[in-house]
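We name chains A, B, ... by the order of the sequence lines, and we start the count at 1 in each one. Since the structure is predicted, the reported quantities are computational estimates derived from the model, not experimental observations.
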Amino acid sequence: MKKALFIALALTATSASAAPFVYPAAWTAEQNTANKRGGELRLSVLSDFKTINPFTSAEADSIPGTMVENGEFGSASLFLQDPRNDEFLPYMADAKPVVSNNGKRFVVKIRPGMKFSDGQAITADDWITTWKIHTDDKVGSNSFDNFFLNKKPITIKKIDNLTLQFDFPQVSSTAYGRMSFAPWPDHVFGKAYREGGADAIKKLWTLGTPASQIVSPGMWVLESYRAGERSVFTKNPYWGEWNKDSRGNALPYLDKLSYRVTNDANATLAAFLAGQIDQAPMRNADDLAQTKRAIDGGTLKATLLPNVSPQAQSSWITFNWNKSAEPAQQKLFRDVRFRRAMSHIANRKAMVDLALGGLGVETYSSVYPVFRQQIAAGTAAGAPRYPYNLAEASKLLAQIGYTKKNAQGYLVDKAGKVLEFNLSTNAGNTVREQLGRIFADEAKKVGVKVNFTPIDFNNLVNQLTSKGENRPFDAILLGLSGGGNVWSFGTNVTPCGGNLHSYNNPTNGACLTPQESLMTKLYYQGDAELDDAKRRAIGGQLMKVEGELQPVIYLVGGNYHVAYNERLGGEFARNMMDAFYGSRMWALSFIK
Amino acid sequence: MIPFLLRRLVQSIPTLLLASILIFFVIQLAPGDFLTPAKLNPNISEEQIAALQRNFGLDRPAWQQYLFWMGNMFQGDFGLSFQYQQPVLDIIWPRILNSLYLALMSLILYYSISIPLGVYGAVRQNSPGDNAVNVVLYFLLGFPSFFLALIVIYFILQIRNATGLDIPIGGMTSNNFEELSPFGQMLDILKHLIIPALVLAISDAAGLTRVIRGQMLEVMRSDYVRTARAKGVSERTAIWKHTFRNAILPIVAGIGGLLPALISGVGFLEVVFAYPGITPMLLTAIGTQDLYLIAGFTVITTVLLIIGNVISDILLAVVDPRVKVS
C-alpha cells in the first residue's frame with residue numbers, strides 16, 4: 001500500500017513538474033501530421049569511431065557526440081540556438097538564466113523530469129562532474145578551452161539539485177555557447193573520478209565496453225558497435241518525456257540511427273546513389289552531377305538542393321611580415337599598397353568558376369560568408385573591398401616603385417631586382433592548388449613573379465604557426481574552418497599574438513600596426529558585448545579595419561549542397577538550411 | 001630441435017632491436033606530429049596544445065620517447081594510440097582477426113586454384129587447356145587486385161540492378177547481423193568474404209600456378225621419377241607422391257612469409273570492399289601520424305615474420321627428409 005502510494009505520488013510529481021521542451025512547428029517544413037513512427041535513419045561516417053568516452057573523444061563525428069546530437073547543430077545542453085535567428089533558447093534549462101554581477105553570473109534552473117537512458121534523473125551534479133573532468137588537464141579533453149576565458153577559469157557551482165550558478169571571469173558573448181555542454185552521468189563518471197582521478201576516466205567507455213553499459217543524456221544511446229563497419233544507436237526511451245513536437249507527441253519519431261563506415265568519400269557517394277544511406281555530403285560539381293543523373297535516370301529517389309548556402313570556411317593568402325633576413329621583402333609585405341594590389345590580382349570569379357565548378361562565392365573578409373548577419377554588418381560599416389582589377393594593381397605597384405619591366409615581362413625595382421615571392425599551399429588539396437595556379441597566372445599579367453609550390457601539409461602548418469622575427473615563408477595559401485556565429489572572429493586569429501595571427505607573429509607577439517591594435521581591442525570589446533545587434537556592429541567596425549589593412553587576402557568559399565533520400569521527411573524549410581545549421585533535426589525527422 | 005629454437009631466439013633479439021629503432025625513427029622523420037592539424041583550429045588555444053603534447057609525451061626528444069616505448073614494450077604494453085586514447089593492442093586485435101578471416105579464406109582459395117591448375121599445366125603441357133589457363137591467368141595478373149575488385153563491383157552492381165539479388169559488395173556483415181543466429185552470422189560473414197577472397201586469390205593465382213607448373217615439369221623429367229614409372233607405379237602416384245611432393249619444396253620454404261601477410265591484411269582490397277580489416281585503420285593511422293599505433297603494429301608483424309621463418313624451417317624439415325633443423 002505504501003509502495004503504491006509512493007508510485008502514485010511519484011507519477012503526479014513528474015507529470016506536474018516536467019514541462020517538456022516543445023519544438024516550434026516552424027522548425028520543419030514537413031510536419032509529421034500522420035504521426036509516422038519507427039524506422040532507421042541511415043548515415044555514413046568517413047573513418048571509424050575512435051572511442052565512446054566523451055572526455056577523451058577528439059573527433060568531429062564521434063559516438064558520444066552522436067548520442068547527444070540533434071542534427072548538425074544543437075545537442076543535449078542547457079541552451080539551443082534557434083536556426084531562424086541564432087538566438088539561444090532554454091533547452092535543458094527550464095528558463096532563461098538570471099543574470100547578475102554585470103553579466104558575469106548566470107543562475108540557471110535545470111528543466112525537471114529529464115532522465116538518462118538508464119532511467120536516472122539528470123541533475124546539477126551531472127553538470128558539475130562533467131565540468132570538473134573536462135577541466136582536468138590530465139584527462140586531455142577537447143572541451144578544455146571551453147571553460148576558460150583569457151586563461152581564467154569559468155567556475156560552476158551547484159545551488160541545489162536543479163540549479164546551477166556559472167561565474168565568468170569577464171563578460172563574454174560566448175557565455176551561452178560555453179554553458180551549452182552535454183552533462184554526462186555523475187553516477188558513472190563522478191564515482192570513477194573521485195576514486196581514481198584522470199586515469200580512471202580514461203579507462204571508462206572504451207570501444208571494448210559493452211553497449212549495455214553506456215548511458216546517454218541525449219536522444220540516442222549506443223546499441224552496437226562493430227569496428228570499422230557500423231554503429232547503431234537506439235532512442236533513449238526517456239527522452240520523449242521532455243521533448244515534444246508542436247502537437248504534444250513524444251520525440252523522436254525514429255527508432256534507430258545507424259552510421260556505416262565508408263572509409264572513402266567516393267564510397268559514401270556510391271552508397272547514397274545505391275539507396276543504402278539516406279544522406280550524403282555533396283563535395284563538388286561532380287558529386288552533384290552524379291546524383292542528378294541517378295535521380296533523372298530513376299535509379300534513385302532523392303531530393304537534391306544545390307547551392308543552399310556558402311560553406312562555413314575560408315581560403316586566403318597570407319604574407320609574412322617577419323622576415324628580418326630579407327629586409328626588402330619584409331618591407332614589401334608590410335606595405336598595405338602591395339597587399340591591396342595582391343587583392344586586386346586575385347581573380348575570384350575565375351577561382352569560383354574554374355576551381356569550384358561555379359559553385360562558390362567570392363569572399364573579402366575573415367568572417368565566413370555563411371554568417372550573413374555579421375557580413376551584412378560589415379557591409380553596413382563600410383568595409384572596403386579590393387576586387388579583381390589588374391589596372392588598379394599595376395597602379396598600386398607603381399606607387400611602391402615598380403614601374404619598369406625586364407625582358408621577361410616581370411616588374412623590377414631600381415636595382416633591377418625582380419618582384420617575386422614564393423607561395424605555398426598543401427600538396428594534395430586540388431582546389432587550393434588550382435586557386436594558387438590562377439593567382440600566379442594573374443600575377444604574371446601585371447609582372448609579378450609568383451613561385452607557386454604545393455608542399456607537405458604538416459610542414460606548411462609548422463611554417464605558418466612559427467613565431468619569431470624571421471619566419472620561414474613568404475606567402476601561404478590555406479583555409480580555416482570552425483567557429484560559431486555568435487562572435488565570428490577567431491580567438492587565435494584576430495588578436496595579436498595568437499598562433500593563427502599568421503601575417504605578423506614576432507617572438508613577443510606584439511602588434512606592428514595601429515590597425516592590428518585596434519582590431520585586437522575591437523575583438524575583446526565585441527567578445528564582451530552581450531547585446532547581439534551591438535556586438536555585430538562592433539564586428540562590422542572590425543571588418544572595416546581588417547578590410548583596409550588587408551592583412552590577409554581572402555579568396556573564395558565553396559557552397560553547401562543538400563541531398564537526402566526521398567524516404568526521409570521532416571527537413572528544414574529551404575531558407576532555414578545552411579552550412580552551419582544543416583538541413584534537419586534528427587528529432588523531427590521521420591521515415592515516410 | 002630445442003637448441004635450434006633457442007639459437008633462433010637469441011638471433012632474433014638484435015634483429016628486433018634494430019627493426020624497432022628503424023620503425024620508430026623512420027616514422028619520426030615525417031614532418032609534424034599528431035597534433036599539427038590541431039594548430040590550424042581557430043578554437044584550440046596554445047595552452048591546450050601544450051597540455052596535449054605533455055600528455056602524449058610529444059614534447060620530449062625522440063630518443064626519450066623511443067626508450068620509454070621500448071621499456072613499456074618489454075612489459076607487454078605497446079603504448080597508447082593518440083586517436084583512440086586506448087592501448088594499441090586492444091585496437092588492432094579485432095582488426096587483425098577480421099583480416100585473418102579474409103586472408104585465410106583467400107589463401108585456401110588461392111591454393112585450391114593454383115595447385116590443380118599448376119599440376120594440370122605440367123601434366124598436359126602445351127595442351128589447349130593449358131594454354132587457355134595461361135592466357136586467362138596472365139591477363140588477370142596484369143591487373144592490380146584493387147582494380148580488378150572495382151571491375152567486379154561494377155558487374156555485381158549491374159547484376160543486382162538487373163535481378164534484384166542481394167549480393168553483398170562491401171563490409172563484413174549485413175545490417176541485420178545482430179539479429180541473426182550464430183550459424184546465420186557465420187553464413188553472413190562467409191557471404192561477405194567470398195567475393196573479395198576470390199578476387200584476391202584469382203589475381204594472385206597466376207604466379208603460383210606458373211611456379212608449380214615449372215617445378216613439376218623439372219621434377220617430372222628427373223631420373224627418380226623415370227625410375228618410379230619404370231618400376232610400374234601408377235600415374236597418379238608418380239605425379240602426386242613422387243613429383244608433386246618434391247615440386248612444392250620451394251613453396252613450403254616460403255610459407256613462413258605468409259604469417260605476417262595473414263595479419264597485415266590484404267591491402268587496398270580491404271579499402272575497396274570497405275572491409276573492416278587492418279589496412280583502412282593503418283592508413284588512417286599513417287595519415288594522422290598516430291605514432292604508437294603504426295609502430296606497435298609494425299613490431300608485431302616483424303615478430304611474426306621471425307616466427308614464420310622458424311615455422312618454415314621446421315616445415316621444410318618435415319617435408320624434405322634431407323633437411324635437418326639442428
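Neither the backbone nor the side chain of E223(A) comes within contact range of chain B; no heavy atom of the residue lies under 4.5 Å from a heavy atom of that chain. Contacts of N142(A) with chain B are made by both backbone and side-chain atoms, with heavy-atom separations under 4.5 Å. With a 4.5 Å cut-off on non-hydrogen atoms, L46(A) does not touch chain B at all. If you measure heavy-atom distances from S81(B) to chain A, you find no contacts under 4.5 Å at all. If you measure heavy-atom distances from S47(A) to chain B, the contacts under 4.5 Å come from the side chain alone. If you measure heavy-atom distances from R260(A) to chain B, you find no contacts under 4.5 Å at all. For a residue to count as touching a neighbouring chain, one of its non-hydrogen atoms must lie under 4.5 Å from one of that chain's; by this rule D456(A) touches chain B with the side chain only. At a 4.5 Å heavy-atom cutoff, the contact between T465(A) and chain B is made by side-chain atoms alone. Interface residue F49(A): only backbone heavy atoms are found under 4.5 Å from chain B. Within the 4.5 angstrom heavy-atom criterion, no atom of T494(A) approaches chain B. Residue A267(A) does not touch chain B at all, counting heavy-atom pairs closer than 4.5 Å. Proximity to chain B involves both the backbone and the side chain of T51(A), based on heavy atoms less than 4.5 angstrom apart. Proximity to chain B is absent for every atom of K203(A), based on heavy atoms less than 4.5 angstrom apart.
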Give every donor-acceptor pair under 3.5 Å between a side-chain atom in residues 185-193 of chain B and any protein atom, sequence neighbours left out.
| from | atom 1 | to | atom 2 | distance (Å) |
| --- | --- | --- | --- | --- |
| Q185(B) | NE2 | F177(B) | O | 3.1 |
| D188(B) | OD1 | S174(B) | OG | 2.6 |
| D188(B) | OD2 | S174(B) | N | 2.7 |
| D188(B) | OD2 | S174(B) | OG | 3.4 |
| H192(B) | ND1 | D188(B) | O | 2.8 |

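Closest heavy-atom contact between R178(A) and D145(A): NH1-O, 3.4 Å.
Between chain A and the options Q83(B), Q86(B), M172(B), heavy-atom pairs under 4.5 Å are most frequent for Q86(B). The most heavy-atom pairs under 4.5 Å with chain B, out of G208(A), A227(A), S258(A), come from A227(A). Heavy-atom pairs under 4.5 Å with chain B were tallied for T206(A), V261(A), V139(A), N146(A); the largest tally goes to T206(A). For the options E40(A), K151(A), Q276(A), R230(A), heavy-atom pairs under 4.5 Å to chain B are most numerous at R230(A). Of the residues considered (P276(B), P280(B), G171(B), A274(B)), P276(B) shows the highest number of contacts with chain A, using heavy-atom pairs under 4.5 Å.
With ring centers used as reference points, W205(A) lies under 6.0 Å from F189(A). Between Y523(A) and F489(A), the gap from one ring centroid to the other reaches at least 6.0 Å. Taking the six-membered ring for Trp and the full ring otherwise, H134(A) and F55(A) have centroids separated by under 6.0 Å. Aromatic ring centres of F181(A) and F147(A) lie closer together than 6.0 Å.
Below 30°, between 30° and 60°, or above 60°: for F34(B) and F82(B) the angle between ring planes is between 30° and 60°, a tilted geometry. Using bins of under 30°, 30° to 60° and over 60° for the plane-to-plane angle, the ring pair Y66(B)/F25(B) lands in the tilted bin.
Side-chain atoms of Q85(B) and T56(A) include no donor-acceptor pair closer than 3.5 Å.
Without hydrogens or angle criteria, S57(A) side chain to P54(A) main chain gives no donor-acceptor distance under 3.5 Å.
For T284(B), there are no side-chain hydrogen bond (donor to acceptor under 3.5 Å, both in side chains) partners at least two apart in sequence or on another chain.
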